[in-house]
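Here is how names work: the chains are called A, B, and so on, in the same order as the sequence lines, proteins then strands, and each is numbered from 1.
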Amino acid sequence: MDDYKEIKELLKPRRDIKASEELRLKVNRALEQKDRKHVIRQWVFGGIGLSAVAAVLMFVLIPSGMSAKEILAEAIKALESTEYIEMTVEIRTRPVENFRYIDINEDFVVHNIYIADSDSLLKWRIDKGERIATSNGSDIYTWLPSLKLGMHLSGVDNERVLGYMATLLTSKKILETELYNCTNGDGAEYKVNKKGNEIILTVHAVPQGNFENPYLLNSSISESENIRRYVIDADTKRLKRATVSVISRNREITVLKISAINYGRHKYDICRLADGIRYVETDNHPVGLIGLSAEEAALTVLNAFADWDNSVLDKVMMRAVSDITYREKFSGSRLVSIGHSFTSGTSNSIFVPYTLELRDGSIHCHNIALQETDSGGWIVTGGL
Amino acid sequence: MFKKTRHKTISRIIEDNLDYLVSFAYYRLGNHDEAEDLVYDAILKFLERDTDNIKLESIRLYIFRIVHNLCLDYVRSDHKDLLPIENFDIGEGVDEALDLEDADRINACLDALPLREADVIRMHVIDGLSFVEISGILSITQSTAKSRYKSGMDKLRNLFINKKMS
């Protein structure tokens with residue numbers, strides 16, 4: 001490792017940064033008063049782990065004649081810091097699918113969500129039975145217990161992994177996100193009502209993305225015309241309930257409902273990883289197939305299934321994923337046909353329709369999902 | 001009595017590491033006052049928590065982790081990159097100007113790297129943390145920490161060689 005001697009010398013600080021006397025005095029005072037109940041502090045950044053759009057929101061009694069925008073933007077009050085939230089969310093999806101995925105034709109799948117919001121770290125755990133994910137605030141681990149296979153993602157936003165569910169992780173985030181959408185005019189309409197001791201926020205949003213090809217329409221909440229309803233306790237300003245419905249063929253279908261929320265003390269280690277799982281590091285993604293069109297790349301990958309040609313497959317998928325998830329099913333299959341590539345929704349993927357004859361003679365039709373790496377290589381991201 | 005001893009030990013750990021924590025924050029924020037504010041806030045957050053279940057030998061890394069994540073929040077909240085040295089009012093003090101120039105110099109090297117590689121290199125080379133400590137702060141495996149370090153240092157070495165040759 002001392003190959004890097006020159007670089008280390010270059011990076012070595014030449015100044016000695018020290019704490020000021022003023023800071024030492026403040027810290028000593030704080031240490032002496034550790035038992036005090038109220039801590040008043042100056043937060044220079046304007047919020048605790050919140051975006052620049054709005055630190056916190058407060059709902060006020062609704063005077064007549066005010067628009068929802070005016071009401072949402074009018075007043076600010078810090079919500080009580082909540083350390084631990086336990087939530088039960090039911091979503092129309094499949095237990096093994098990724099967390100963004102919804103399907104209006106499926107039954108509800110129970111998701112148990114555990115959140116610990118402390119020290120500006122947002123830790124969470126979501127368990128939908130056949131897929132589990134957890135984050136310690138910087139890294140996300142997700143795994144499929146049945147396959148004993150998981151992934152470690154670092155530096156990835158919660159939203160990329162969880163889709164809409166990322167907004168449920170803190171009640172502050174829900175209000176902030178909706179306000180952000182409101183002020184940025186993404187085509188959503190907002191309405192606020194007060195009923196007894198409850199404030200009801202309703203958001204009606206249009207599908208995000210390009211649906212010239214409707215393949216991904218209604219496959220996630222953001223890629224659907226949806227109505228999001230939030231019920232908030234007027235006194236504590238805490239989220240009590242929420243539902244999301246998808247509008248499909250003039251019907252409103254509930255796809256998500258929060259059936260229980262409990263605010264309480266931290267009970268157990270929610271970032272605990274399961275034993276016996278092989279966690280694949282996603283830092284080192286494959287190089288991809290370079291110099292090909294999407295269709296050519298799809299052709300190359302799908303043809304490689306016949307002999308399970310790892311010299312090809314290792315370029316497009318991580319070995320652990322291909323071996324554990326796909327080999328058993330696709331090894332020995334024969335490519336029958338591929339179609340023209342297309343895009344859909346907000347996904348960065350390009351999809352290529354294909355038909356495979358599997359080893360047992362059955363036919364498998366789907367759309368392989370490919371993405372281009374920074375160096376222009378195609379990798380497989382789904383659709384198998 | 002045991003609690004009192006524990007509290008005394010924790011106080012000593014915090015006082016002994018205050019310079020390191022401020023330096024850690026400074027090289028990420030580029031502003032001494034904000035670095036001190038951030039460290040103070042991190043310590044207050046730590047003191048508010050129920051930390052009885054944290055081993056004494058883990059307290060130091062726990063606080064580093066809080067500071068690290070607050071620095072990430074600060075950078076992500078679009079606040080600012082380092083103040084370029086040419087915008088700095090030299091009237092504020094020569095020492096502060098030299099500190100900032102040094103931070104600027106270091107960050108200019110690391111800006112070319114992906115954040116997660118730069119982060120590990122900062123912690124190992126600038127903050128003097130071991131890979132064991134880095135893995136504890138970032139909640140990653142040691143091998144991941146070493147792999148990011150090697151990857152980042154290889155890139156820096158190539159950049160440095162290319163610069164020399166051009």
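When heavy atoms are compared at a cutoff of 4.5 Å, Tyr141(A) approaches chain B solely by way of its side chain, counted from C-beta outward. Leu110(B) touches chain A through its side chain: at least one heavy atom from C-beta onward sits under 4.5 Å away, while N, CA, C and O do not. Heavy atoms of Ile43(B) lying under 4.5 Å from chain A belong exclusively to its side chain. For Lys26(A), the parts lying near chain B are the backbone and the side chain together; criterion is any non-hydrogen pair under 4.5 Å.
Between Glu22(A) atom CD and Tyr40(B) atom OH the span is 10.0 Å, to the nearest 0.5 Å. Annotation: the span from Ser11(B) atom OG to Asn28(A) atom CG amounts to 8.0 Å, rounded to 0.5 Å. The structure places CZ of Arg24(A) at 9.5 Å from CD of Glu36(B), a figure rounded to the nearest 0.5 Å. The distance from the NZ atom of Lys5(A) to the CZ atom of Arg157(B) is 14.5 Å, given to the nearest 0.5 Å.
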Next on the checklist: Asp154(B) vs Tyr4(A), test: side chain to side chain contact (heavy atoms under 4.5 Å, CB included). Steps then yes/no.
Outcome noted: CA-CA 8 Å; Asp154(B) 284 343; Tyr4(A) 303 128; 2.7 Å; yes
Item to check | CA sep, side-chain torsions, deciding dist, call: Arg15(A), Tyr27(B), side chain to side chain contact (heavy atoms under 4.5 Å, CB included) | outcome: CA-CA 11 Å; Arg15(A) 305 286 298 172; Tyr27(B) 282 105; 4.2 Å; yes
Next on the checklist: Is there a side chain to side chain contact (heavy atoms under 4.5 Å, CB included) between Arg148(B) and Ser154(A)? Walk through the geometry before answering.
Outcome noted: CA-CA 11 Å; Arg148(B) 288 180 191 177; Ser154(A) 58; 2.6 Å; yes
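Cys109(B) places a side-chain heavy atom less than 4.5 Å from the side chain of Leu11(A).
The candidate with the highest count of non-hydrogen atom pairs below 4.5 Å against chain A, out of Leu18(B), Val39(B), Val125(B), is Leu18(B). Interface summary for chain A: among Leu72(B), Ile14(B), Val22(B), Thr141(B), the most heavy-atom pairs under 4.5 angstrom belong to Val22(B).
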